[in-house]
Amino acid sequence: MSERRYDPQEIEPRWQRLWADERTWEVPNQPVGRGGGQRSESFEKSYVLEMLPYPSGEPHIGHLKNYALGDAIAHFHRRIGRRVLHPMGYDAFGLPAENNAIKTGVHPRVATDRSIAAYRHWFHRWGISIDWSREFGTHEPRYYRWTQWIFLKLFERDLAYRKEAAVKWCPNDQTVLANEQVIDGRCERCGFEVELRQLEQWFFRITDYADRLLDDLDEIRWPEHVKSMQRNWIGRSSGAEVSFRCHELGIDYPVFTTRPDTLFGATFFVMAPEHPDVFRLAAGTRREAEVHHYVNHALTEKAEDRGAAEKPKTGVPLGRTVRNPISGEQIPMYVADYVLMEYGTGAIMAVPAHDERDHAFAVAYDLPIRRVIEGTPEDGGDAHGLPYTGDGPMVNSGEFDGIHNRAAYDAIVTWLDREGNGHRSVSFRLRDWLVSRQRYWGCPIPIVYCARCGMVPVPEADLPVELPDVEDYKPKGRSPLAAAEDWVSTSCPQCGGPARRETDTMDTFVDSSWYYLRYCDALDDDAAWDRRVLAQWMAVDQYIGGVEHAILHLLYSRFFVKALADMELLDVQEPFEALFTQGMILGPDGYKMSSSKGNVVAPSAIVERYGADAARCYVLFMGPPDQDAAWSDSGVEGVYRFLARLWRLSEDLAGPSSAEPPLEPDGDALTLVRKANWAIEKVTGDMSGRFAFNTAIAAIMELVNEIYRHPVADEAARRFAVATAASLLFPFAPHLGAEVYERLTGRRAWEEPWPAADPAMLTADAFELVCQVNGKVRDRLSAPTGAPREQLEQLALASSRVRARLDGLTVVRVIVVPDKLVNVVAR
RNA sequence: GCGGCGGUGAUGGAAUGGUAGACAUGGCGGCCUCAAAAGCCGCUGUCCCUUGGGGACGUGUGGGUUCGAAUCCCACCCGCCGUACCA
């Protein structure tokens, strides 16, 4: 054995230099000629993409896992003959760089570019196969020029609009937030409790796409839990809108209900404290003061307290009544904080007999409870207990009595429609996307305000509206850009008169909602992309990232693609055909890594100690890649030992002779050749379809172990086995894979087609026949492969161990599974 | 509450109707060495029979389907993630 040691610090930079010098991973676009430009038939494309990183400091271990995963897939796709697009960029705008600027005075651009340099360095050092010719940061004017262009396209189609609304405001970050950025009533970034503010802001009309965003989930290969999160978030429920008329004021109040069948049971009516008509309704009644007091209290209450699950129901009467359109009775109106302004119409019909919340309220305020659906025990419903939310025949419902409530549902909606009192309706939980932010480090919104012309879009030719430098980044409730007077003050593109620029910037999720489109045509300075070039690559065939983006980024991107498709700017309906969500790497203590816990594992330290290959292999070997797993130092050492074992084999066997399998191997050589073919089959299977990288790597380990177990086998067989191990390992540990493969074959692993197993080597002459008696293993015998069932049965019945178990019993039946087992059933 | 996912040795995990525990970690023993490191080889689910070998048990719990169940079905317990006074 060699005296030299496996030294990744020598091997890895050598290959990295070669790949950089030769630009190995660059893939040019196909020329787009007149008329043509569609995807060429001569190759199958594969767009493999990991979520782009937000550059902050240095990459962490989660990045390593993300890119190790994507790179393995990209390499595998290349070697099975696909043309692979595997680009990289940076999600470079955002609050952390800006907050850092406030603290240190360093311009966010400087800090961000420094981080980008670090990320780029490490991606090279990890040996990730990236097409660097397409790299960009979303903070570069050559990119955000087109972000602004998309904004204008949305504005043109009225998909971007400005309106005043009660919006979520983070008092710490001094900016508004999208609904999706509020977690449990707190800012997802800093954890401060959000406040409601009435402000005029920019929105994207994502709600126009709610139905398609929901329905098209069925068309994409995404993990079920991510789809389910999106379905939840969009929250479609179908029901009816029903009008309740207040005669005293002569106003119709519509409510949304999913249970029009219970309309006869609506015995009171409740409005949200935020409902704009609450004060108007109470005005002049003896309840006026009480209503004011209640509403003011509700509006100042913290979101967290108000939403508390076990909170008792409170509310006050408005002193008015509305008419139940179907029963004709006048029912009292209330204001209560359990009704939400943001959902439905901000008012509800209350059916205490068949809704838990309405029931609790009715009990607290002694309101009438009228059952309209009879519960039946076989429906699982208590025939007497209320509230009853199950199904059953209608009662107390006039002409609808006696029919099943599901049938009554349709009948009542039809009746409402005919009488002009309501109609079928669908309600969504999804709100429009609030995209403006009162912060500096983001993409400027390309709009100017002119005293004469009003809101005017910046002409396309004037893009980009460049982000100016400012002195003071500190947020003061308005964008720091507002202080850049020279920049704000401009002239109107329409009339030439004095005008002022929009000083809000865009939510950074806007930047990342289309970056994968730009990669396809990253160098195009005349357009965001050429539709024909986009057609060569889109959609992304495999997207890989963290589950934390299940709603925000993934929903916004889907919305963008649908909106752009409607504008005939691209030809797909979904951006990401398949999605893989990786699990988190936890600290060695099993907790989420955080500097405050002191359990952070820095990839730089691991790579310096064990090399990039060992680090990459280990994060893939830890367990199924979609599962969380705790870091283990001894685990990475084990993988390093495995790589070193393979490397030492190549030391012994290096040389110019071939690594072709021997023609007619026997004995140890045959065992080795078979094992190598078994590994090819196993790794190929683990990588196609499912991403069982952990078991793929385990199979290569088995192969290497087998080679060690047969040190005196025929050299041709050993060379073939080692070269095969290197070839299979290449997608996971590209440096060592290339190194060993070249030593044995003189060729480059990435230029080789993926190996195909020799079917003749996948089966042996004999197999181990498992003999069971009544389902329990009693013996294992060697039997010839492909033997007929009768022969296997006889073999098993001849076994003395089997016979001993059958003593005194009668054989009832014998089950034979060819090439596997025999089960003797005896009584 | 609703939706999704999961529960297997000391540990990460493998096995998706056919030999439970691949592979790796940790542990124990051996070889090499003056010694150590590295490396190589072997053993390692639990309990029992006092061990050449054999037996029983064993995949959260209880039931079911099946010749055969970690795997399929029903009920329950526990954990994680998302969401929630959504009408």
Side-chain angles (χ1 to χ4, degrees), chain A residues 1-3 5 183-184 223-233 235-237 239 255-259 262 266 270 272 306-313 336-340 342-351 354-358 360-361 389 427-430 547-548 550-551 581 584 590 618 621-624 626-639 641-642 644-645 648 682 692 694-702 704-705 708-709 711 768-780 801 812-817 819-826:
Chain A
M1 283 279 162
S2 163
E3 293 302 306
R5 304 231 346 226
I183 313 287
D184 294 332
E224 207 41 55
H225 68 282
V226 177
K227 289 189 184 185
S228 131
M229 278 191 229
Q230 291 216 350
R231 285 191 191 107
N232 259 322
W233 190 263
R236 177 165 68 191
S237 35
V255 301
F256 174 75
T257 178
T258 53
R259 296 295 305 275
T262 64
V270 191
R306 182 173 161 186
E310 301 307 318
K311 194 187 162 193
K313 297 282 175 289
D337 65 1
Y338 81 94
V339 174
L340 308 174
E342 351 26 304
Y343 189 74
T345 63
I348 61 152
M349 63 178 217
V351 184
H354 304 288
D355 181 277
E356 284 177 25
R357 297 149 301 174
D358 298 343
F361 191 84
T389 53
S427 199
F428 292 94
R429 213 189 75 104
L430 183 70
V547 73
E548 65 274 15
I551 295 168
T581 51
M584 227 188 319
Y618 174 60
F621 182 66
M622 289 173 89
D626 54 347
Q627 254 171 55
D628 293 353
W631 180 268
S632 148
D633 284 326
S634 46
V636 71
E637 252 172 272
V639 171
R641 276 201 285 271
F642 153 65
R645 273 158 72 82
R648 278 197 305 277
K682 172 74 179 151
N694 53 331
T695 49
I697 292 169
I700 306 170
M701 287 175 170
E702 280 195 59
V704 168
N705 290 345
Y708 272 81
R709 234 172 267 136
E768 192 181 68
L769 177 69
V770 172
C771 304
Q772 297 180 330
V773 176
N774 289 330
K776 292 193 188 269
V777 180
R778 295 305 175 190
D779 202 2
R780 293 156 217 262
R801 290 163 187 277
V812 184
R813 205 172 148 191
V814 180
I815 310 280
V816 180
V817 182
D819 292 343
K820 199 150 249 167
L821 65 72
V822 173
N823 185 17
V824 182
V825 187

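The basis for the numbers below is simple: all heavy atoms, side chains too, and nothing from hydrogens, waters or symmetry mates. Residue numbers start from 1 in every chain, and the chains themselves are labelled A, B, ... in the order their sequence lines are given, proteins ahead of strands.
- Nucleotides B:C49 and B:G1, compared at atom P, are 48 Å apart to the nearest Å.
- Scanning for ring pair (Phe, Tyr, Trp, His ring centres under 6.0 Å) contacts around A:Trp631 gives A:Tyr618, with sequence neighbours left out.
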Just the atom pairs and distances: protein N or O near nucleotides 23-29 of chain B's N or O, under 3.5 Å.
{"unit_1": "B:A24", "atom_1": "OP1", "unit_2": "A:Asn705", "atom_2": "ND2", "d": "3.0"}
{"unit_1": "B:U25", "atom_1": "OP1", "unit_2": "A:Arg641", "atom_2": "NE", "d": "3.3"}
{"unit_1": "B:U25", "atom_1": "OP1", "unit_2": "A:Arg641", "atom_2": "NH2", "d": "2.8"}
{"unit_1": "B:U25", "atom_1": "O2'", "unit_2": "A:Ser634", "atom_2": "OG", "d": "2.9"}

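- Between A:Asp358 and A:Lys820, the residue anchored closer to the 5' end of RNA chain B is A:Lys820, taking for each the nucleotide with the nearest heavy atom.
- Around the CD atom of A:Glu356, the shell of radius 6.0 Å holds no more than 12 heavy atoms that belong to other residues, nucleotides or ligands.
- In this structure, A:Arg357 does not reach the B:G1 phosphate: none of its side-chain N or O atoms is under 4.0 Å from OP1 or OP2.
- In this structure, A:Ile700 CD1 and A:Asn705 CG are separated by 12.0 Å, a value rounded to the nearest 0.5 Å.
- With sequence neighbours excluded, no residue satisfies side chain to side chain donor-acceptor pair (under 3.5 Å) with A:Thr345.
- Residues passing the side-chain contact (heavy atoms from CB on, under 4.5 Å) test with A:Asp628 are A:Met584, A:Leu586, sequence neighbours excluded.
- Across B:C80 and B:G9, the matching C1' atoms stand 23 Å from one another, rounded to whole Å.
- B:G58 and B:C2 have their C1' atoms separated by 36 Å, given to the nearest Å.
- The structure places CG of A:Asn232 at 12.5 Å from NE2 of A:His225, a figure rounded to the nearest 0.5 Å.
- When the P atom is used for both B:G27 and B:A37, the distance is 12 Å, rounded to whole Å.
- Using a 4.0 Å heavy-atom distance criterion, A:Val770 is classed as a base contact.
- Checked by atom type and distance alone, the side chain of A:Tyr708 pairs as donor or acceptor with a backbone atom of A:Arg645 at under 3.5 Å.
- Side-chain nitrogen and oxygen atoms of A:Arg813 include at least one within less than 4.0 Å of the OP1 or OP2 phosphate oxygen of B:C67.
- Residue A:Lys776 places at least one side-chain N or O under 4.0 Å from the OP1 or OP2 atom of B:C57.
- If you find the closest nucleotide of RNA chain B to A:Asn694 and to A:Ala644, the one lying nearer the 5' end belongs to A:Asn694.
- B:G12 and B:U65 have their P atoms separated by 34 Å, given to the nearest Å.
- Ion pairing of A:Glu702 with A:Arg709 is absent here, as no side-chain N (NZ or NE/NH1/NH2) approaches a carboxylate O to less than 4.0 Å.
- Across B:C28 and B:G45, the matching C1' atoms stand 16 Å from one another, rounded to whole Å.
- Between A:Gln772 and B:G18 there is no side-chain polar atom (N or O) within less than 4.0 angstrom of OP1 or OP2.
- The aromatic rings of A:Phe361 and A:Tyr338 lie tilted to each other, with the angle between the two planes from 30° to 60°.
- Going from the P atom of B:C41 to that of B:U25 covers 12 Å, rounded to whole Å.
- Distance check on atom C1': B:G3 versus B:A10 gives 36 Å, rounded to whole Å.
- Taking only side-chain nitrogens and oxygens, A:Arg648 comes nearer than 4.0 Å to OP1 or OP2 of B:C40.
- If you take CG of A:Asp819 and C1' of B:G18, they are 13 Å apart, rounded to a whole angstrom.
- Where pairing requires Watson-Crick or G-U contacts shorter than 3.5 Å, the helical stems of RNA chain B with at least three consecutive pairs are B:1-7 with B:77-83, B:10-12 with B:23-25, B:26-31 with B:39-44, B:45-49 with B:53-57, B:60-64 with B:72-76.
- Among residues two or more places apart in sequence or in another chain, the salt bridge (charged side-chain N to carboxylate O under 4.0 Å, His left out) test is passed with A:Arg429 by none.
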